[in-house]
Amino acid sequence: MTTLASGTDTLIRDALTVLQPGFTGTTAPDWLLRRLGEGLASVGLFGRNIASPDQLAALTAQLRAERDDVLVAIDEEGGDVTRLEVRSGSSFPGNHALGAVDDVELTQQVAHELGRRLAACGVNLNWAPSADVNSDPRNPVIGVRSFGADTDLAARHTAAYVTGLQSAGVAACTKHFPGHGDTAVDSHHALPRIDVHAEVLTERELTPFRAAIAAGTRAVMSAHILVPALDPDRPATLSRRILTGLLRDELGYDGLITTDGMEMRAIADTYGIERGSVLAIAAGADAICVGGGLADDATVLRLRDALVAAVRSRELPEERLAEAADRVRALARWAATSGRPAESAHGTEIGLHAARRALTVTAAPGLGSPDTFEPLTEPPYVAALTPVANIAVGDETPWGVAAELVHLLPGTVTGSFSAGDGPQSAAGESAGRAALEAAGRRRIVAVVRDEHRHPWMASALDTLLAARPDTVVVEMGVPQAAPRGALHIATHGAARVCGRAAAEVIAGVTGL
């Protein structure tokens with residue numbers, strides 16, 4: 001391990017230790033290596049940092065050559081939110097698909113295999129799983145990232161995921177405390193608010209977090225949400241009542257608390273990242289996540305200096321900062337000694353196996369059972385009705401069924417259609433007509449994502465199905481809208497393996 005630079009005092013080291021910054025590029029920049037030598041203990045990786053497993057392993061080795069116990073964190077939920085496979089789509093279905101299967105052993109196996117792949121690349125902290133109960137179907141940011149709307153289901157699968165991931169030597173970071181499921185606002189853009197009684201929060205939102213704590217989750221991530229029943233003044237990330245009073249004292253959690261990204265507008269637009277970081281540490285957070293958007297040395301220095309200044313002005317108790325830094329180092333020690341597991345006994349195809357089991361296949365009313373569906377034998381036209389991707393998912397990860405259908409039905413053609421501007425119903429009708437024209441005589445496969453949240457998408461389907469009732473509909477979001485189409489396939493997520501599983505049904509090919 002590199003010796004800390006001479007003249008770097010304990011306060012500055014502690015301030016660096018609690019930061020989890022990001023950076024740009026596929027190799028570590030000089031400034032990052034220098035900060036690791038001065039006390040920085042964590043680094044966050046994003047899709048922009050990853051080109052291949054070999055490159056990622058070389059990058060993490062580069063970081064460990066500077067500091068051998070560095071925490072290398074990543075936002076790898078599997079499913080829609082993937083960084084390991086950001087350009088191809090994930091080999092693992094996400095939480096909603098696992099919840100649809102409701103086999104906790106399968107969830108544990110999927111999490112273990114995902115963790116094994118992370119560990120093999122040198123990643124030892126995963127900002128996952130999402131323990132949010134997706135109780136508001138309008139939720140624009142959680143959705144298929146949740147195991148579901150049922151509290152008990154979310155709790156048992158959260159615990160299974162934590163157990164599986166950590167058995168692979170990768171620390172789980174259960175999120176977004178105290179629960180981001182009952183919101184209709186994305187905290188990347190604004191500050192969401194949950195207005196329910198404390199009793200509802202206790203029984204619904206907190207239950208999966210209790211399960212995660214009981215399972216031994218090594219980290220918990222706070223949510224940038226206002227919960228007046230718990231604290232009417234400050235969002236959870238900045239609330240001592242929530243992070244210390246509730247999570248530490250009431251729930252008995254003693255592991256690492258990290259924040260969600262501090263540059264998210266729910267915090268940055270109201271408090272600014274410097275003041276927000278000081279308030280978060282004072283409230284009980286131990287690590288400051290930043291770097292999804294702000295990813296440079298200047299950001300690290302701004303936050304370091306803000307924490308040091310807050311201690312020196314007595315706004316932030318020095319012992320609180322020291323306690324936070326100690327928790328970061330304790331997790332780093334656990335991760336450095338946890339080892340790397342061998343290949344899973346259940347095999348690397350566990351993700352596709354889970355995606356197949358997660359499918360819900362429904363025939364249109366009056367057309368009998370799905371068993372009467374005649375698989376396609378000619379290449380279809382795939383009309384992808386594409387919503388704006390939320391920031392957590394990103395728009396660089398491909399989704400849908402077309403790429404998988406091309407392998408099974410060569411010659412498959414696809415087009416993407418969106419709402420555009422103007423009234424939703426008119427935009428949907430226009431998209432539907434455009435898809436019909438582009439399809440010509442080909443059989444249509446319409447792919448949607450959260451139809452229930454997008455009126456234009458429902459209108460586009462109305463137009464398609466009125467003209468072509470033999471259209472196959474594939475729902476790759478939360479299947480809240482009523483099934484329709486000659487065949488309706490709910491995948492419960494848009495991971496690559498979910499598209500593969502749906503394509504197999506459409507083409508009548510299984511078990512490949």
Side-chain angles (χ1 to χ4, degrees), residues 77-81 93-104 107-108 110-111 127-163 165 172-188 192-215 217 219-231 235-237 242-243 246-247 250-251 253 260 266 358 390 392-393 450 452-453 477-480 490 492-493:
E77 300 177 14
D80 291 32
V81 179
N95 285 3
H96 205 62
L98 296 172
V101 179
D102 195 12
D103 178 342
V104 291
T107 294
Q108 186 170 327
V110 167
W127 292 319
S130 167
D132 306 298
V133 179
N134 198 58
S135 53
D136 189 335
R138 301 170 300 164
N139 199 311
V141 67
I142 302 300
V144 294
R145 300 168 66 197
S146 164
F147 289 110
D150 180 88
T151 298
D152 291 337
L153 179 143
R156 59 179 174 266
H157 286 278
T158 296
Y161 197 106
V162 167
T163 299
L165 188 65
C173 182
T174 305
K175 61 189 183 185
H176 307 81
F177 188 83
H180 207 314
D182 192 24
T183 64
V185 173
D186 184 345
S187 51
H188 291 90
R193 178 184 176 111
I194 295 181
D195 282 306
V196 297
H197 294 300
E199 294 79 8
V200 175
L201 292 166
T202 297
E203 294 302 317
R204 186 179 64 191
E205 270 72 15
L206 298 184
T207 295
F209 289 97
R210 287 194 204 92
I213 293 167
T217 187
V220 169
M221 177 179 283
S222 66
H224 302 331
I225 57 176
L226 188 68
V227 189
L230 302 177
D231 187 333
T237 293
I242 293 174
L243 297 189
L246 177 57
L247 182 53
E250 220 175 293
L251 300 186
Y253 176 67
D260 207 343
N390 74 59
V393 173
D450 289 343
H452 69 283
R453 292 200 304 111
V478 178
Q480 194 78 23
H492 301 91

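Just so you know, these numbers come straight off a predicted model, no measurement behind them.
Ala128 and Leu165 get closest at one heavy-atom pair: O-CD2, 4.0 Å. Heavy atoms only, all atoms of each residue included: Ala223 and His180 are closest at CB-CD2, 4.3 Å. In terms of heavy-atom proximity, Glu205 sits nearest to Ser135 at OE2-OG, 4.2 Å. The minimum heavy-atom distance linking Ala266 with Pro192 is given by the pair CB-CD, 4.5 Å. Residue Leu243 comes nearest to Ala236 through the heavy atom pair CG-O, 3.4 Å, listed as atom of the first residue, atom of the second, then distance. Closest approach of Ala229 and Leu201 over heavy atoms only: CB-CD1, 3.9 Å.
In this structure, Ser146 and Val133 have side chains that are not in contact, with every pair of non-hydrogen atoms separated by 4.5 Å or more. For the pair Arg210/Thr207, a side-chain contact is recorded, criterion being any heavy-atom separation below 4.5 Å from C-beta on. Using a 4.5 Å heavy-atom threshold, the side chains of Ile194 and Pro178 count as separate. Here the side chains of His492 and Pro93 are not in contact, with every heavy-atom distance at 4.5 Å or above. Contact of the Leu226 side chain with the Arg193 side chain is registered, since non-hydrogen atoms from C-beta on lie closer than 4.5 Å. Between Val101 and Leu98 the shortest side-chain heavy-atom distance does not fall below 4.5 Å. No side-chain heavy atom of Trp127 sits under 4.5 Å from any side-chain heavy atom of Asp260. Looking at Ile242 and Leu247, their side chains never come closer than 4.5 Å, going by heavy atoms from C-beta outward.
Relative orientation of the Phe209 and Phe177 rings is perpendicular, given thresholds of 30° and 60° on the angle between their planes.
Residues Thr217 and Thr174 have side chains that bring a donor and an acceptor to within less than 3.5 angstrom of each other.
Each of Asp182, Val144, Ile142 was evaluated against Asn134; a single residue qualifies, Ile142, per the side chain to side chain contact (heavy atoms under 4.5 Å, CB included) test.
Residues forming a side-chain hydrogen bond (donor to acceptor under 3.5 Å, both in side chains) with Ser130 (at least two apart in sequence, or on another chain): Asp132. Applying the side-chain contact (heavy atoms from CB on, under 4.5 Å) criterion to Gln480, with sequence neighbours excluded, gives Pro137, His452, Val478.
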For this session: May I have the step-by-step check of side chain to side chain contact (heavy atoms under 4.5 Å, CB included) for Ser222 and His176, ending in yes or no?
Result: CA-CA 5 Å; Ser222 66; His176 307 81; over 6 Å; no
For this session: Just do the side chain to side chain contact (heavy atoms under 4.5 Å, CB included) check on Asn95 and Thr158 with the steps written out, would you?
Result: CA-CA 9 Å; Asn95 285 3; Thr158 296; over 6 Å; no
For this session: Tell me, with the steps shown, if His157 and Val162 meet side chain to side chain contact (heavy atoms under 4.5 Å, CB included).
Result: CA-CA 9 Å; His157 286 278; Val162 167; over 6 Å; no
Exercise. Does the side chain to side chain contact (heavy atoms under 4.5 Å, CB included) test come out yes or no for Glu77 and Arg145, once each step is laid out?
Worked result: CA-CA 8 Å; Glu77 300 177 14; Arg145 300 168 66 197; 2.7 Å; yes
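Between the CG atom in Asp450 and the CZ atom in Arg138 there is a gap of 13.5 Å [rounded to 0.5 Å].
Residue pairs meeting the salt bridge (charged side-chain N to carboxylate O under 4.0 Å, His left out) criterion with at least one member in residues 93-103, sequence neighbours excluded, are Asp102-Arg156, Asp103-Arg357.
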